[in-house]
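Structure first, commentary second.
Throughout, a chain's letter reflects where its sequence line sits, starting with A, and its residues are numbered from 1.
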There are 2 protein chains.
Amino acid sequence: MLELAILGLLKEQELHGYELKKRLGEALGPLSSVSFGSLYPALNRLEAAGAVKAVEANPGGVGAPAVPMTGSLGGELAAYRARRAATRGSRGKKVYGITDRGQALFEELLAAESATDGDDKSFNLKLAFARYLPSDARLGLLERRRAQLVDRLARLRTAVRTGRERLDDYSRSLMEHSTEATERDISWLDKLIQNERQEEGRT
Amino acid sequence: MLELAILGLLKEQELHGYELKKRLGEALGPLSSVSFGSLYPALNRLEAAGAVKAVEANPGGVGAPAVPMTGSLGGELAAYRARRAATRGSRGKKVYGITDRGQALFEELLAAESATDGDDKSFNLKLAFARYLPSDARLGLLERRRAQLVDRLARLRTAVRTGRERLDDYSRSLMEHSTEATERDISWLDKLIQNERQEEGRT
DNA sequence: CGTCCGATATATCGAGTCGATACATCGAAG
DNA sequence: CTTCGATGTATCGACTCGATATATCGGACG
């Protein structure tokens with residue numbers, strides 16, 4: 001679902017890889033950081049699919065600056081530099097923008113009930129872009145999440161009850177803490193769902 | 001760190017893959033479930049490293065039962081069945097036990113400060129086996145975790161403060177909820193650390 | 001002035017995990 | 001007797017991760 005995150009950020013602003021990584025760590029919460037080993041391949045996939053494309057970097061001023069370096073470089077290297085210069089700013093930046101296909105893909109990914117839902121990260125990510133969803137789809141997202149947490153809670157309680165003797169103190173404490181955390185998650189979701197219904201009713 | 005989980009469970013009881021997966025979902029909390037696509041390769045790695053080995057399945061009674069199926073099968077297939085039968089019970093189960101090398105590997109993995117710490121799953125897993133750690137190592141584990149959460153909390157607060165206007169309602173609510181959850185995690189850890197120090201002082 | 005260092009920036013690699021899928025056997029329900 | 005769901009082992013391709021390589025930029029420091 002990294003594609004969804006990238007497209008969501010590029011919807012708001014053109015960015016290059018490095019900056020994209022920083023935003024992913026901030027805007028989407030420090031929980032979901034991404035490595036370059038995922039990010040760059042993902043950008044290439046999206047570019048190959050025509051969902052994003054490299055835009056002119058370093059657009060204003062400075063025009064065609066500073067190729068000198070050390071006067072002469074080998075022909076090979078110079079040609080390589082020239083090729084890079086076409087879509088890159090002075091610093092070697094590759095700035096990406098979202099295309100119409102990318103917009104469509106974003107909608108699709110956001111609305112889809114992927115197999116990787118149920119994953120905490122996935123839900124948090126989708127919630128961060130929930131403003132792009134129609135109200136009913138948003139409610140569906142919240143309620144699917146709630147159902148997952150209720151299920152998790154049931155399994156946690158079962159595990160605590162079943163293993164009340166076999167579990168050591170550390171595991172038991174962890175389970176109890178997880179149970180409370182899950183209960184709070186559900187309460188929080190209930191609040192969101194309630195808000196959502198009120199908004200809906202008001203329309 | 002799946003290896004650690006497997007070895008930890010096999011320490012207590014000999015198990016086969018399918019059962020192992022179920023235990024991982026129960027004993028270690030429903031948060032950390034594992035797929036077969038990870039489990040079986042991991043078992044093969046451990047077996048290749050001599051950390052676990054397949055033990056005699058279906059040990060008592062029934063001796064050499066029920067090969068018939070449908071009277072005759074092709075020589076190829078029969079030979080395959082015979083090979084399997086050596087380390088497998090009637091149902092094709094492959095039961096694994098931990099070796100001395102496995103015990104050593106377990107200690108090593110549990111004590112190591114892996115790069116994949118900081119990951120929530122990793123900590124939960126190690127905590128589940130914390131009873132095998134000496135008291136000081138246990139304290140170190142808890143305090144490293146606490147430091148990570150404090151750091152996460154700081155970044156969460158920064159993100160909320162920085163993006164107070166740019167963040168939409170859903171993201172903001174998620175951040176605030178995450179902040180509270182992290183605060184509770186830290187309080188919980190403080191309780192564990194306090195208990196740990198009391199135990200230590202009592203010895 | 002140079003030169004060294006840390007932040008910026010892109011990229012690839014191997015290892016590990018995942019969900020999907022295939023295949024086979026067993027027990028029970030119909 | 002047959003079908004069906006649970007048990008059970010296994011592999012595949014896609015994806016992510018941490019580590020690492022490479023290069024440029026801006027500023028600190030002598």
Subject >> Between C/dA9 (P) and A/Glu19 (CD): distance, integer Å >> reply: 7 Å

Subject >> Distance, rounded to the nearest Å, where B/Leu4 contributes CG and C/dG16 contributes P >> reply: 14 Å

Subject >> B/Lys11 NZ/CZ over B/Phe129 ring centroid, <6.0 Å and within 45° of normal >> reply: no

Original post:
B/Asn44 side chain: which of D/dG8, C/dT17, D/dT11 is closest?
Top reply: D/dT11

**OP:** Please check if atom CG in B/Asp100 has more than 12 non-hydrogen atoms from other residues, nucleotides or ligands closer than 6.0 Å.
**Re:** no

Original post:
Does anything in residues 24-41 of chain B reach DNA chain D, meaning a heavy atom under 4.0 Å, and if so which residues?
Top reply: B/Phe36, B/Gly37, B/Tyr40

Original post:
Between B/His177 and A/Trp188, what is the ring plane arrangement, given parallel below 30°, perpendicular above 60°, and tilted in between?
Top reply: parallel

Subject >> Heavy atoms from other residues, nucleotides or ligands near NZ of B/Lys21 exceed 12 (cutoff 6.0 Å) >> reply: yes

Original post:
Given atom CG of B/Leu125 and atom C1' of C/dG16, what is their separation to the nearest angstrom?
Top reply: 15 Å

Original post:
Between atom CG in B/Leu15 and atom C1' in D/dT9, what is the gap in whole Å?
Top reply: 15 Å

Original post:
Expressed in angstrom and rounded to an integer, what is the separation of B/Lys93 atom NZ from D/dA6 atom C1'?
Top reply: 12 Å

**OP:** For atom CZ of A/Arg131, decide whether the heavy atoms of other residues, nucleotides or ligands shown that lie under 6.0 angstrom number more than 12.
**Re:** yes

**OP:** Grab the CG-P distance between B/Leu20 and D/dG8 for me, whole Å please.
**Re:** 12 Å

**OP:** Could you please name the option among C/dA9, C/dA11, C/dG19 that lies closest to any side-chain atom of A/Lys94?
**Re:** C/dA11

**OP:** With the side chain of A/Leu2 defined as its heavy atoms from C-beta on, choose the nearest nucleotide among C/dT17, C/dT10, D/dT16.
**Re:** D/dT16

Original post:
Roughly, in whole Å, what's the span from CD in B/Glu3 to P in C/dA15?
Top reply: 13 Å

**OP:** Whole angstrom is fine here: how far is it from OH in B/Tyr96 over to C1' in D/dG8?
**Re:** 12 Å

**OP:** Please say whether the positively charged group of B/Lys93, taken as NZ for Lys or CZ for Arg, lies over the ring of B/Tyr18, i.e. under 6.0 angstrom from the six-membered ring centre and within 45 degrees of the axis.
**Re:** no

**OP:** Tell me which of B/His16 and B/Ala115 sits closer to the 5' end of DNA chain D, going by the nucleotide each one is nearest to.
**Re:** B/His16

Subject >> Atom pair CZ/CG of A/Arg152 and A/Asp185 - distance to nearest 0.5 Å >> reply: 7.5 Å

